[in-house]
Each structure stands twice: as C-alpha cells, then as structure tokens.
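Just below is one structure, and these are the notes that go with it.
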Amino acid sequence: MPNVVTRFAPSPTGRLTIGGVRTALFSWLYARRHEGKFILRIEDTDQERSTPENVQVILDSLSWLGIDWDEGPYFQARRMELYRKEAERLVAEGKAYRCVCTKEELDARRKEMEARKEKPRYDGRCRSVPEAAKAGLPSVIRFRTPPDGETEVRDLVLKKTIVFRNSELDDLILIRSDGWPTYNFVVAVDDSSMRVTHVLRGDDHLNNTPKQILIYDALGYPVPHFGHFPLIHGTEGGKMSKREGKDFDDPSSLGYYPRHGFLPEAVVNYLARLGWGHGDQEIFTVEELKSLFSLEGTNNSASRFDMTKLLHLDAHWIKAADPARLARLLLPFLKDRGIEASEGERLVKVVRTLQERSRTLEEMADAAEFYFREKPTDPKASAKFLTPEIAPVLRDIAEAFSSLDPFTPSGMEETLHAVVERHGGNLKVHQPIRVALTGGTASPGLFEVMEILGRDEVVRRLGGAAGRIGA
RNA sequence: GUCCCCAUCGUCUAGUUCGGCCAAGGACACCGCCCUUUCACGGCGGCGACGGGGGUUCAAAUCCCCCUGGGGACGCCA
C-alpha cells in the first residue's frame with residue numbers, strides 16, 4: 001500500500017482550465033515525489049452538462065502534458081449503486097433524512113433569506129418529520145449536519161488549521177430527486193473507497209471540506225489529508241473565467257497551448273512555478289519536479305497568469321529542444337499555412353536557424369515561410385533597401401553566384417566581397433539581399449539562409465528582385 | 001449580507017517554520033550599453049516591493065491585533 005495516494009477529479013462539464021491543470025500537475029507531482037499512486041476520476045454526476053467530448057479533452061490534455069495515472073479513469077456515473085447504498089445507510093442510521101421540499105419552495109425561501117440579508121441556507125423543516133410520513137413522496141436525501149460544535153480542517157498547503165462552526169454549514173443534499181448523488185457526497189465516498197490519502201484541490205473547495213469531513217465521520221471512514229491551492233487569477237484579477245468561443249482560442253483553456261505551438265515542458269515548467277518555488281531556480285525539467293515538488297514549497301496567495309513569462313519559458317525550451325523533434329512538431333503548423341513540408345534534413349536545418357528566434361512553434365512556422373515559398377516583399381523594406389542603385393549590384397551578385405560551386409558560406413562571402421569591390425566598394429549589400437531573399441529585414445544569418453535556399457533559388461530570387469526594381 | 005482564504009518589485013517569486021546573515025535576492029517585462037550582416041540569442045548595467053496603523057522585542061518582511069485591499073464560497077454544479 002503506497003503511503004501517498006492522490007487523485008485528479010475533473011468534471012467533464014466544460015473545457016479543462018489552466019487552473020485545473022495545475023491542480024492535476026501538483027497532485028501528480030506529489031504522488032510521484034512520494035512514490036505514491038495517482039488516480040484519475042471523472043466526476044460526471046452532472047448529467048445535464050457532462051459530455052464524452054469533454055472527457056476526451058481531459059484525457060488528451062493530460063497526455064499532452066505527460067501526466068500519467070496509475071488507476072482509472074473511473075467514472076462516477078458507473079458507481080451509482082455504491083452511492084445509493086451509502087446514502088440509504090446514512091438514512092437508516094439517522095445521519096441523513098429525506099426532504100420533500102420542492103425546488104420551487106426552496107428557491108422562494110432562498111430569495112427571502114437573501115432579501116433579509118441572511119446567509120441562504122436550508123431551514124431544516126424536514127429534519128424532524130418521521131421518515132414514514134415522507135414515504136412515497138418525491139424527495140431528496142439530505143445530510144443531517146450537527147447543529148453544534150466545530151469542524152477543523154488541517155490544511156497542508158496553507159499550513160494551518162481552519163475552524164468552521166458547524167452551525168455555518170448547511171444540510172446539504174446527498175441524493176437528488178432524480179436519484180443522482182451530488183458532488184460533496186460522491187467525493188467523500190469515492191475518496192475513501194479509493195483510499196485517497198491526500199486530497200489536493202483548488203482554494204474554491206475550502207468551504208466544502210468541513211462538510212466532507214462530517215460526511216466521512218458519518219460514514220465511519222478515516223479522513224484524508226487536505227491541501228488547497230490558491231487559485232490562478234486572470235490578467236485582470238479574479239478567477240480565470242471561461243471565455244466564449246473555441247477552447248483553443250482561449251488562453252485560460254489548456255487546449256489553447258498545443259494549438260498555438262507551445263511545448264508541453266514549457267507549460268509544465270510555467271505552471272509549476274506559479275504557486276510553487278524552489279529557491280531561485282526558474283527552469284525545471286519534469287524529472288526535476290518529480291523529485292523536488294513539495295507542499296511546503298507552495299505559495300499560499302493567489303497568482304496571476306502571465307502570458308509573457310510563459311512565452312519566455314517556451315522560448316527557452318524551444319532552444320533546448322532537439323531540432324529533429326521540433327521539425328516533426330512544426331509540420332502541422334506549416335500545413336496550416338499551406339506548406340507541405342516533409343520531415344528530413346532540410347527541415348531540421350531550417351529549424352536550427354529559427355530555434356533562437358522563436359518563442360512558439362507558431363512563430364517558428366511564420367518565420368519559416370520564406371524557406372518554402374517566396375513571400376511578398378514588405379513595402380517599407382523594399383523602399384528602403386531595394387533601391388534603383390542596388391539593382392545592378394544584385395544582378396551582378398546573382399550572376400556571380402550562378403557559377404559558384406560549391407555554394408558555401410565562405411564562397412558566398414568572397415563572391416560578395418568581389419562584386420562590391422567592382423562597384424566601388426563600401427556598399428551595404430546584406431540588407432538588400434536579405435529583403436530580396438526573405439521579403440523582410442529580419443531573418444536568420446544571411447549565409448545560412450542562402451545555403452538552405454540553395455544556389456538556384458537564391459539566384460532566382462535575387463534576379464527577380466532586381467527585375468522588379470526596374471519595373 | 002454571512003462564512004472562509006490571502007497580502008514582498010507591474011508580474012512570478014526567495015526570505016517567514018527557529019525574529020538579527022535583508023540598507024530585501026532571483027526571474028519575466030521595461031530602459032540603457034556591449035556583441036553583431038538584420039532580427040534574435042547571449043553578456044553587462046539600470047528602474048522597481050515588505051499595503052497602513054498599533055503592539056511584543058535590544059532587534060520584525062518575519063510574531064500578535066486592528067484597518068484597508070484582493071479573492072473564494074454560500075445550488076437537486078463540480
């Protein structure tokens with residue numbers, strides 16, 4: 001029996017948020033660090049909103065990040081019998097009771113309480129009605145929360161004990177009128193039946209924890225350890241909200257990142273540093289995280305999501321990545337731009353020239369375009385560098401290049417030098433050549449660009465540019 | 001409204017556990033300079049914070065209280 005069992009329990013009711021992913025990452029790292037077990041459980045008790053597509057998104061996202069699980073995925077929808085049985089047991093033991101109040105009645109009472117500025121809660125009117133009197137009526141099962149006393153939550157992340165007065169807690173619903181169980185109940189049943197030792201989750205669940213502890217106690221199961229990570233806020237502050245639109249258009253969704261050419265190791269590195277630290281170290285490999293992650297190192301205040309820093313880390317990991325791997329990953333981005341490149345030595349060379357100047361694969365694909373097809377020349381660059389005076393020089397260079405064999409950087413340099421000398425020396429030809437070749441003023445080193453483009457293509461583009469100047 | 005959490009540069013954070021090593025360190029961003037065939041990379045330097053007020057103490061970013069500010073939760077959602 002491992003001494004640490006953690007789980008990630010997302011609900012497939014929407015996209016997977018970046019905050020949820022961080023919770024998954026921390027839970028996984030904690031299990032790995034302690035050579036424990038990590039469980040994936042899908043909380044699909046909300047029949048209205050759970051979809052198979054959302055389940056798939058969760059699975060794909062975790063796989064992309066490299067987060068693997070030892071058990072599961074479990075689906076709560078397939079564990080209904082267990083929940084009903086446990087709920088009935090609580091009713092039989094007097095620890096829960098049936099409530100026949102209708103939704104409408106409850107809504108009306110809630111509104112009244114809000115109007116009176118009270119904390120909205122169930123008034124408990126079915127509490128003392130004998131079970132026999134409610135038989136046959138449509139009902140829900142509610143938990144009989146102890147009216148007095150306090151429940152203590154020892155939190156491993158906050159490193160403190162939080163005390164809740166039981167009188168603040170509500171008689172929450174365990175089983176809905178349609179027979180489906182609710183979150184606070186299943187989570188307690190499942191975490192105990194799956195022998196979860198450390199429940200790690202977002203801060204937004206802190207208020208649920210005392211309720212769940214009470215349920216554990218009522219059920220007679222041992223209470224696990226808890227840890228609540230502060231939420232990740234959006235750039236404007238506040239809980240990162242799910243925007244409308246496609247999942248991959250929204251940076252608060254994990255789906256955004258693979259789609260926009262981020263490397264998983266960069267996302268993992270960034271997320272790990274958001275709310276956790278290990279001295280001054282900024283760069284972490286997954287392996288390092290697996291051996292270093294600890295709850296003691298977590299920060300207990302909310303953090304803000306910063307795309308700029310993520311981009312910086314992505315740039316770092318692109319520089320560190322194997323060019324052949326990047327070449328393979330780049331293919332779909334090229335394809336999006338209508339470029340059918342193939343894996344191979346040339347593409348790897350292209351990647352090498354772009355690694356130091358791309359923050360994402362998307363940027364790399366944009367920067368790579370000129371290698372595969374001539375781009376329209378940037379008008380500003382053209383006006384500045386493709387001047388009438390330079391046209392004959394470019395023509396001469398093209399001609400000199402056409403017989404340069406082999407077409408090597410040292411040969412190119414000598415040739416350039418010779419042509420410039422012939423035109424009186426002291427001519428700036430690099431930028432005009434760059435513009436002629438790449439369509440813009442920024443590119444990788446001129447000689448490596450020419451080498452990859454190849455002599456014929458270089459000659460062709462140079463000649464073409466010179467021709468267009470005259471026109 | 002009630003309950004709960006949080007509080008170091010613009011942002012992520014180190015330092016808080018055992019108060020003194022902190023005239024507060026690192027990273028991102030920003031601004032200079034260097035390198036340089038462009039753009040980048042890299043190197044060097046700069047800007048920049050303990051929210052406020054009370055305590056406790058010889059000594060507080062570190063401990064306590066209050067205020068303020070931020071966030072979360074109050075569902076037959078999870």
Side-chain angles (χ1 to χ4, degrees), chain A residues 9-14 20 43-46 48-50 99 101-103 106-107 110 113-122 139-142 153 155 158-160 162-165 167-170 172-184 186-187 201-210 228 230-231 233 235 237-239 270 273-283 296 299-313 315 319 353-359 367 381 385 413 416 428-431 433-435 438 440-447 449:
Chain A
S11 67
T13 51
E43 310 237 328
D44 54 355
T45 53
D46 183 344
E48 310 250 315
R49 295 186 293 165
S50 299
C99 168
C101 299
T102 66
K103 242 179 244 187
L106 294 173
D107 284 347
R110 187 171 299 122
M113 283 185 262
E114 275 168 12
R116 286 198 305 263
K117 307 271 189 203
E118 285 172 23
K119 181 170 185 168
R121 61 204 311 268
Y122 179 61
S139 64
V140 300
I141 296 180
R142 278 186 190 274
V153 178
D155 191 288
L158 300 173
K159 286 141 236 147
K160 63 183 287 194
I162 302 143
V163 181
F164 293 86
R165 286 186 298 281
S167 57
E168 287 294 333
L169 276 21
D170 215 346
L172 70 168
I173 289 174
L174 268 22
I175 303 287
R176 297 181 252 236
S177 53
D178 63 2
W180 285 76
T182 60
Y183 167 74
N184 280 110
V186 282
V187 78
R201 68 216 330 186
D203 220 350
D204 48 346
H205 283 289
L206 189 51
N207 291 300
N208 286 325
T209 304
H228 297 90
L231 265 18
H233 288 170
T235 327
K239 199 175 177 180
Y270 178 70
R273 282 288 291 111
L274 207 53
W276 177 81
H278 182 71
D280 283 340
Q281 190 172 345
E282 296 285 347
I283 303 296
E296 289 72 40
N299 211 63
N300 44 6
S301 57
S303 45
R304 247 166 226 257
F305 185 83
D306 182 12
M307 182 62 85
T308 312
K309 187 149 188 182
L310 207 205
L311 281 167
H312 167 79
L313 282 171
K319 286 186 206 94
T353 69
L354 264 15
Q355 263 180 293
E356 303 261 290
R357 48 201 110 221
S358 310
R359 294 182 301 177
F385 295 107
E413 197 151 13
L416 277 190
K428 303 247 186 230
V429 291
H430 287 99
Q431 281 304 76
I433 294 174
R434 189 185 313 279
V435 174
T438 70
T441 54
S443 86
L446 208 45
F447 299 107
V449 164

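Note that these values count all heavy atoms, side chains included, but never hydrogens, waters or copies made by symmetry. Letters A, B, ... mirror the listed sequences (proteins, then strands); counts begin at 1.
- The nearest whole Å value for the distance from the CG atom in A:N299 to the P atom in B:G70 is 20 Å.
- The distance between atom CD1 of A:I283 and atom P of B:A14, rounded to the nearest whole Å, is 16 Å.
- Taking the side chain of A:L206 as heavy atoms from C-beta on, and the options B:U38, B:A7, B:C5, the nearest nucleotide is B:C5.
- The glycosidic torsion of B:C41 lies within 90° of 0, which places this base in the syn conformation.
- Between B:U17 and A:K160, no contact under 4.0 Å exists linking OP1 or OP2 to a side-chain N or O.
- Contacts of A:R201 classified as salt bridge (Lys or Arg N to Asp or Glu O under 4.0 Å), with partners at least two apart in sequence or in another chain: none.
- Rounded to an integer number of Å, the gap from CG of A:N184 to C1' of B:C74 is 12 Å.
- Separating the C1' atom of B:U56 from that of B:A60 is a span of 10 Å, rounded to the nearest Å.
- Remark: A:L354 CG to A:K319 NZ distance equals 12.5 Å, nearest 0.5 Å.
- Regarding contacts with the backbone of B:C74, every side-chain N or O of A:N208 stays at 4.0 angstrom or more from both OP1 and OP2.
- Using a 4.0 Å heavy-atom distance criterion, A:L446 is classed as a base contact.
- Nucleotide B:A73: paired with B:U2 (Watson-Crick or G-U wobble, both distances less than 3.5 Å).
- Atom CG of residue A:N299 and atom CZ of residue A:R273 lie 9.0 Å apart, to the nearest 0.5 angstrom.
- The gap from the P atom of B:A49 to that of B:G42 amounts to 26 Å, rounded to the nearest Å.
- Whole-Å rounding puts the A:D204 CG to B:G75 P distance at 15 Å.
- Within the nucleic acid shown, A:T308 comes within 4.0 Å of sugar-phosphate atoms alone, with no base atom in reach, counting heavy atoms only.
- Among the atoms of the strands shown, none is found under 4.0 Å from any heavy atom of A:K428.
- Summarising the geometry, the separation between CG on A:D203 and P on B:G70 is reported as 17 Å, rounded to the nearest angstrom.
- Rounded to whole Å, atom P of B:C9 lies 11 Å from atom CZ of A:R304.
- Proximity of the aromatic rings of A:Y183 and A:H205 is defined here by a centroid distance below 6.0 angstrom, and this criterion is met.
- Pairing of B:A14, defined by two Watson-Crick or G-U wobble distances under 3.5 Å, is not identified with any nucleotide.
- The nucleotide whose nearest atom lies closest to any side-chain atom of A:I162 is, among B:C28, B:C4, B:G75, B:C4.
- Nucleic acid contact for A:P230: none, since no nucleic acid atom lies under 4.0 Å from a heavy atom of the residue.
- Looking only at side-chain heavy atoms (C-beta outward), A:T182 and A:I175 stay at 4.5 Å or farther from each other.
- Side-chain atoms of A:R434 lie closest to B:U38 of the nucleotides B:U38, B:A29, B:C41.
- Between A:I173 atom CD1 and B:C76 atom C1' there is a gap of 4 Å when expressed in whole angstrom units.
- Look at A:R49 and you won't find any side-chain N or O under 4.0 angstrom from OP1 or OP2 of B:G75.
- Base pairing annotation: B:G48 forms no Watson-Crick or G-U wobble pair, as no partner gives both donor-acceptor distances under 3.5 Å.
- A:M113 places its CE atom 18 Å from the P atom of B:G1, with the value rounded to the nearest Å.
- Nucleotides B:C22 and B:U17 are separated by 16 Å at their P atoms, to the nearest Å.
- Nucleotide B:G20 has B:C58 as its partner under the Watson-Crick or G-U criteria, with both atom distances under 3.5 Å.
- Listed candidates were B:C76, B:G70, B:G26. Nearest to the side chain of A:K309 is B:G26.
- Residue contacts shown for A:T45 are limited to sugar-phosphate atoms, with no base heavy atom under 4.0 Å away.
- Among B:A40, B:A78, B:U13, the nucleotide with an atom closest to any side-chain atom of A:R273 is B:U13.
- Comparing B:C3, B:U13, B:C74 against the side chain of A:F164 picks out B:C3 as the nearest.
- When heavy atoms are screened at a 4.0 angstrom cut-off, A:G440 is found touching no nucleic acid atom at all.
- Checked against B:C5, B:G72, B:G42, the side chain of A:N207 finds its nearest nucleotide in B:G72.
- Nucleic acid contact for A:H205: base, since at least one base atom lies under 4.0 Å from a heavy atom of the residue.
- Side chain A:S177 to base B:C76: a donor-acceptor pair is found below 3.5 Å.
- Put simply, the side chain of A:D44 never gets that close to the backbone of A:S11: no donor and acceptor are under 3.5 Å apart.
- Using a 4.0 Å heavy-atom distance criterion, A:E168 is classed as a sugar-phosphate-only contact.
- Within 3.5 Å, no donor on the side chain of A:R121 pairs with an acceptor on the base of B:C74, nor the reverse.
- For A:R165, taking side-chain heavy atoms from C-beta onward, the closest of the listed nucleotides B:U37, B:A78, B:C4 is B:C4.
- Residue-level contact check: A:P10 touches neither bases nor backbone, having no heavy atom under 4.0 Å from any strand.
- The side-chain heavy atoms of A:I173 and A:Y122, taken from C-beta on, include no pair separated by under 4.5 Å.
- Within the nucleic acid shown, A:T441 comes within 4.0 Å of at least one base atom, counting heavy atoms only.
- The partner of B:G42 is B:C34, by the rule that a Watson-Crick or G-U pair needs both atom distances under 3.5 Å.
- For A:H430, the listed nucleotide lying nearest its side chain is B:U37; candidates were B:A78, B:A7, B:U37.
- Side-chain N or O atoms of A:D46 include one that pairs as donor or acceptor with a backbone N or O of A:E48 at under 3.5 Å.
- Contact detail for A:D306 and A:Y270: the closest heavy-atom pair is N-OH, 2.7 Å.
- Considering only side-chain atoms of A:S443, the nucleotide from B:A14, B:C76, B:U38 that sits closest is B:U38.
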